[in-house]
Protein chains: 2
Amino acid sequence: MNISNQIIGKAQDLFFKYGLKSITMDDLARELGISKKTLYASFNNKQEIINIITVKLIEEHEQNCEKIEREADDAIQEVLIYINSLKSIFQQFNYKVIFEMKRYYSESWEIFKNYKNEFLTKRIKNNLNRGIKEGLYRNNINVEIISKLRIEQMQIASNATLFPSSNFNKKEVSRELFLQVLYGMSTIKGHYLINKYLEVNEA
Amino acid sequence: MNISNQIIGKAQDLFFKYGLKSITMDDLARELGISKKTLYASFNNKQEIINIITVKLIEEHEQNCEKIEREADDAIQEVLIYINSLKSIFQQFNYKVIFEMKRYYSESWEIFKNYKNEFLTKRIKNNLNRGIKEGLYRNNINVEIISKLRIEQMQIASNATLFPSSNFNKKEVSRELFLQVLYGMSTIKGHYLINKYLEVNEA
DNA sequence: AAAAAACTTTTTTAGTTCTTATAGTTTTTA
DNA sequence: TAAAAACTATAAGAACTAAAAAAGTTTTTT
């Protein structure tokens with residue numbers, strides 16, 4: 001593995017664990033056992049490293065979504081598989097990282113925001129329209145509103161004010177919210193299908 | 001009508017229309033056609049006025065909720081009636097007012113936050129448990145998580161970044177989100193009932 | 001050739017002062 | 001007697017400064 005990839009990998013680990021600001025370029029070099037000189041031979045600056053990680057995660061997420069879309073039998077299964085694959089960027093991009101990115105690394109934030117607004121929204125709308133066509137989602141839902149809700153919902157689980165990690169398990173909250181939104185979009189036919197997939201038996 | 005009530009009424013109008021900071025005590029006196037001396041004869045300070053309005057709205061909202069709870073035949077009808085009565089505090093307490101309250105009038109903010117955390121949460125949990133008991137809400141929902149979602153959902157509609165008033169009608173967004181969450185909590189039996197109340201016909 | 005260390009520059013933060021707006025009080029006027 | 005006007009005190013915000021930290025560069029050492 002080449003040096004650039006090693007740096008990116010280690011940086012990603014550290015940034016997610018401790019935040020973007022807390023990890024200095026000195027820290028990063030020390031952790032890698034290399035000098036700052038070598039670090040700066042590969043990358044022009046810290047912002048560039050953060051940009052690259054952002055793009056890398058987005059691309060991974062994008063490919064993951066496309067794969068799931070292709071393999072799922074229907075819109076509901078698509079969402080259910082996605083929930084289970086949830087080591088997603090939204091899990092990793094926790095509130096602290098998002099906050100610091102917004103404030104100090106606006107280039108990366110723009111990349112991320114752009115992704116959310118364009119690709120992700122497109123992906124979600126795709127799923128909504130697929131579900132409506134399949135008769136699994138209510139045909140009277142307002143796609144513009146519900147797609148925004150779905151994007152928002154993904155981040156609510158990471159909101160530590162609302163769901164402090166002392167009282168809530170993030171993975172569980174995330175799953176609960178996903179299912180709640182999924183049921184909310186569904187027709188009765190869709191509702192039956194979710195129950196079948198989840199092996200839930202309503203009295 | 002006595003002078004104090006007149007002042008509170010006018011203040012409420014102006015604060016909701018223009019924000020808490022924008023309306024000065026001079027503005028308020030001028031609008032009322034009274035002097036500041038008279039104004040300060042009734043109230044000690046601006047904070048007090050804002051506190052009183054906050055408490056007043058909360059009490060009105062509280063009574064409204066209790067009335068609906070009593071009159072509704074079931075948990076779902078309770079929510080549907082509530083949606084229709086939605087000239088609620090959450091509609092009026094828009095983001096700007098909330099923001100200013102948090103920042104400049106922390107006393108009122110504490111009152112409001114306290115209300116949200118205690119009374120409103122209790123009310124929502126009541127409805128959740130009622131619905132579960134009636135077999136209308138899924139019995140596998142996590143009440144702690146979903147009650148927080150319901151409180152959050154009420155404010156999302158007022159989020160101008162997410163739903164700019166240029167593109168979205170606040171009342172419509174609010175209604176859409178409420179219904180989405182209601183469907184999401186419901187069992188198939190509940191789902192049928194919502195459709196009956198709303199006269200929706202799923203193909 | 002690359003790590004380590006030393007260095008310079010830039011950015012961030014914390015603390016200070018200055019200004020302005022307005023809350024709240026007092027005086028004047030009708 | 002209460003409105004209008006004039007006044008004072010206060011608190012938020014802007015602008016500035018100093019200190020600290022960290023980014024980024026260069027030099028020294030192994």
Side-chain angles (χ1 to χ4, degrees), chain A residues 1-54 95-110, chain B residues 1-54 95-110:
Chain A
M1 199 207 263
N2 71 59
I3 183 71
S4 291
N5 286 339
Q6 262 180 298
I7 294 172
I8 292 294
K10 177 62 85 175
Q12 186 173 322
D13 283 354
L14 294 172
F15 286 152
F16 282 144
K17 204 172 285 174
Y18 305 105
L20 304 176
K21 261 281 147 173
S22 317
I23 299 298
T24 68
M25 293 300 263
D26 288 84
D27 292 331
L28 184 54
R30 199 180 326 104
E31 284 287 327
L32 283 157
I34 63 173
S35 69
K36 286 213 283 177
K37 192 178 178 181
T38 313
L39 192 53
Y40 279 97
S42 297
F43 302 99
N44 291 314
N45 51 48
K46 194 176 177 181
Q47 173 80 67
E48 186 179 319
I49 294 177
I50 296 172
N51 283 351
I52 289 171
I53 293 174
T54 306
Y95 249 54
K96 187 182 182 188
V97 172
I98 297 267
F99 176 82
E100 292 182 334
M101 197 183 262
K102 244 187 233 182
R103 192 175 192 117
Y104 305 107
Y105 305 96
S106 49
E107 259 184 59
S108 307
W109 174 245
E110 284 301 317
Chain B
M1 199 207 263
N2 71 60
I3 182 72
S4 292
N5 287 338
Q6 263 180 295
I7 293 171
I8 292 294
K10 178 61 86 176
Q12 186 175 321
D13 283 355
L14 293 172
F15 287 151
F16 282 146
K17 205 172 285 173
Y18 304 107
L20 304 175
K21 261 282 152 175
S22 318
I23 299 300
T24 68
M25 293 299 263
D26 289 83
D27 291 332
L28 184 54
R30 200 182 323 107
E31 284 287 328
L32 283 157
I34 64 173
S35 70
K36 286 211 285 177
K37 194 179 177 181
T38 314
L39 192 53
Y40 278 97
S42 297
F43 301 99
N44 292 314
N45 50 49
K46 193 176 179 182
Q47 174 80 66
E48 186 179 322
I49 296 177
I50 296 173
N51 283 350
I52 290 171
I53 292 174
T54 306
Y95 249 54
K96 188 184 181 186
V97 172
I98 296 269
F99 175 82
E100 290 181 336
M101 196 182 261
K102 241 187 236 183
R103 191 172 192 120
Y104 305 107
Y105 306 96
S106 50
E107 259 183 60
S108 307
W109 174 244
E110 284 301 318

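Note on naming: letters A, B, ... go to the chains in the order of the sequence lines (proteins, then strands), and numbering restarts at 1 for each one. Note that the coordinates shown come from a computational prediction; the quantities given were computed from them, not determined experimentally.
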Using OP1 and OP2 only, check whether a side-chain N or O of A:Thr24 sits under 4.0 Å from D:dA22. no
Taking atom NZ of A:Lys17 and atom NZ of A:Lys96, what is their separation to the nearest 0.5 Å? 13.0 Å
Rounded to the nearest 0.5 Å, the OG atom of B:Ser106 sits from the CD atom of B:Gln47 at a distance of 6.5 Å
For A:Met25 and A:Leu39, which heavy atoms make the closest approach, and how far apart are they? O-CD2, 3.7 Å
Of B:Gly33 and A:Lys21, the one whose closest nucleotide on DNA chain D sits nearer the 5' end is B:Gly33
Whole-Å gap separating C1' (C:dT9) and CG (A:Asn44): 17 Å
Any B:Lys46 side-chain nitrogen or oxygen under 4.0 Å from OP1 or OP2 of C:dA23: yes
Using only heavy-atom distances, decide whether a donor-acceptor pair under 3.5 angstrom links the side-chain of A:Lys36 to the base of D:dG24. yes
OP1 or OP2 of C:dT22 under 4.0 Å from side-chain N/O of B:Tyr104: no
Starting at atom NZ of B:Lys37, determine the distance to atom P of C:dT28, rounded to an integer number of angstrom. 12 Å
To the nearest Å, give me how far apart OH (A:Tyr40) and C1' (D:dG24) are. 5 Å
Donor-acceptor pair, distance only, cut-off 3.5 Å: does the side chain of A:Glu100 make one with the backbone of A:Lys21? yes
Find the distance A:Asp26:CG to D:dA23:C1' and express it as a whole number of Å. 8 Å
Note: B:Lys46 and B:Tyr105 closest approach over all heavy atoms is NZ-OH, 3.1 Å
Euclidean distance, atom CD1 of residue A:Ile34 to atom C1' of C:dA5 [Å, nearest integer]: 16 Å
Output the single nucleotide from C:dA3, C:dG24, D:dA3 whose closest atom is nearest the side chain of A:Thr38. C:dA3
Let me know the distance between CG of A:Leu20 and P of C:dT12, rounded to the nearest Å. 13 Å
Round to the nearest Å and state the distance from A:Met25 atom CE to D:dT26 atom P. 15 Å
Given atom CG of A:Asp27 and atom P of D:dA21, what is their separation to the nearest angstrom? 13 Å
